[in-house]
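In the text below, chain A, chain B and the rest are named by the order of the sequence lines, each starting its count at 1. All values below were derived from every heavy atom in this structure, side-chain atoms included, with hydrogens, water molecules and symmetry-related copies excluded.
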Number of protein chains: 2
Amino acid sequence: MGEQESMEELFSTNENELYGEELTAKQKRIVEAAIQMFSEKGYSSSSTSEIAKRANVAEGTIFRHYKTKKELLLAIVTPVMSNLLAPFIIRDLDKVLSQNYQCYEDFLTAIVKNRQVFIEKHLSIVKILLQEIPFHDELRSQFIDRIGKEVYTRLEAIVIHFQEKGKLVEMPTQSAVRLTATTIGGFLLTRYILLPNNDWNDEEELKTTIHFIMNGMKA
Amino acid sequence: MGEQESMEELFSTNENELYGEELTAKQKRIVEAAIQMFSEKGYSSSSTSEIAKRANVAEGTIFRHYKTKKELLLAIVTPVMSNLLAPFIIRDLDKVLSQNYQCYEDFLTAIVKNRQVFIEKHLSIVKILLQEIPFHDELRSQFIDRIGKEVYTRLEAIVIHFQEKGKLVEMPTQSAVRLTATTIGGFLLTRYILLPNNDWNDEEELKTTIHFIMNGMKA
DNA sequence: CTCATAAGTGAGTGATCACTCACTTATATC
DNA sequence: GATATAAGTGAGTGATCACTCACTTATGAG
């Protein structure tokens, strides 16, 4: 599955730099089994014994690599959380924007398409993240402080950027950011979590959604 | 005056007493303690022993009234789920609409304001519902079959109603429904779950949101 | 009052939980 | 090949889980 290959990328670039370790074969199986179980039954309804069984590994092996069950959860969820909205936190966003996108619409389309690929790749982990973030302070505060606020200021800058170019109509910046974010978030939530089995015409639906945003922010 | 009355017609259900008066005093305390714990720590991380402790009740008393812990959860969550979107499922919606609301905008404003009151009243239970619905088939299938589909067809009818009156511009009905629903859902989610501690000017924010929807569906 | 029924109790139960530890096996370095 | 270190094992542990049951107390009808 795509999720296996991509997992290696994601975890090796993050965990290995921090701890100088690579994932062993059994460790990979543990992580995969945990992702499967956590997303199916929820974190606290998943037992380490069944994770071990699914991974074809002794239960003790899990605790060789992760001191606690929660540490296993965080090892899975943290890198995805960091990367989920990473494209917004690039440096010199202004330059990139003015060089590559003439209008807000083009920029939005590009970035949403990009994030759709990421979500499709890591859907199970995104589900786990959404489920568990209310109950784990480390996750929530890290998301708010290091990601949420950062992303908000960038989004704000983007909106202002296009407002100054006259490509976006005047409206309180805060509202423009919120409406853009919730509309896109609502689209992705519907597309991948609520009604993933609908017949989705992704290209068409994204176009409609972004048109809707642009129209909504006119006049 | 007339508007007040019609709103009442439209929206009044017995939402004040969701659990009836046949609950004993201790049973009420159990339900309240369970709501508190489920919303704070999640359903499966909440133990019946601590629920009993918080309710100042013997643990056995819980199981006098509810055969299992899950039955307790469903007793809490089901009535709120049924009432959450109930205003959409009234009979003769067409007549009520044409009598009381000249445009989609007015209708949306009225119904969202009404649902905000309901959500504020039952916020903890709404949170529990959102958290647990992915993991309990009875909840999910009941929501989809008895509520989701019903609400969708009504919303569809409403959109068509206003489209025929020429008050709404032509756009695939399905898209209009989805965009309206996710934008409002996104607003409510942000308002009450994600950033409940913001300085919200509810009146202003709702107006902005609905204007955004109306503009988005023009031309 | 009597008595049937419902409400309430709390010690007890087997199952399961996350986690430990003494131990074996594999790997790498010299 | 000796040695050290890391990876892997699985039986074992106390804690906690949802739930039971024999029992007491409260309620209400005849």
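At D:dA6, none of the side-chain N or O atoms of A:His65 fall inside 4.0 Å of OP1 or OP2 (strictly under the cut-off).
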Heavy atoms under 4.0 Å is the rule here; annotate nucleotides 9-24 of chain C 5' to 3' with B where the base is hit, S where only the sugar-phosphate is, and - elsewhere.
BB------SBBB-B--
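With hydrogens and angles left out, the side-chain atoms of A:Ser82 and A:Arg146 include no donor and acceptor closer than 3.5 Å.
Separation of atoms CG (A:Leu108) and CG (A:Leu206) is listed at 9.0 Å; rounding is to 0.5 Å. In this structure, CZ on A:Arg115 lies 7.5 Å from CG on A:Leu85, to the nearest 0.5 angstrom.
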Between A:Arg154 and A:Glu150, is a salt bridge (Lys or Arg N to Asp or Glu O under 4.0 Å) present by the stated rule, with each step listed?
CA-CA 6 Å; A:Arg154 305 300 171 129; A:Glu150 201 68 32; 3.0 Å; yes
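For A:His161 and A:Phe107, the gap between ring centers reaches or exceeds 6.0 Å.
In this structure, B:Lys28 places its NZ atom 14 Å from P of C:dA7, rounding to the nearest Å. Regarding A:Ile30, its CD1 atom lies at a distance of 10 Å from the C1' atom of D:dA7, rounded to whole Å. Look at CG on B:Leu23: it is 15 Å from C1' on C:dA6, rounded to the nearest Å.
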Only pairs under 3.5 Å count here: list side-chain donor-acceptor contacts from residues 32-39 of chain B, not counting sequence neighbours, and write none if there are none.
| unit_1 | atom_1 | unit_2 | atom_2 | d |
| --- | --- | --- | --- | --- |
| B:Gln36 | OE1 | B:Arg54 | NH1 | 2.8 |
| B:Ser39 | OG | B:Ile35 | O | 3.0 |
| B:Ser39 | OG | B:Gln36 | O | 3.1 |

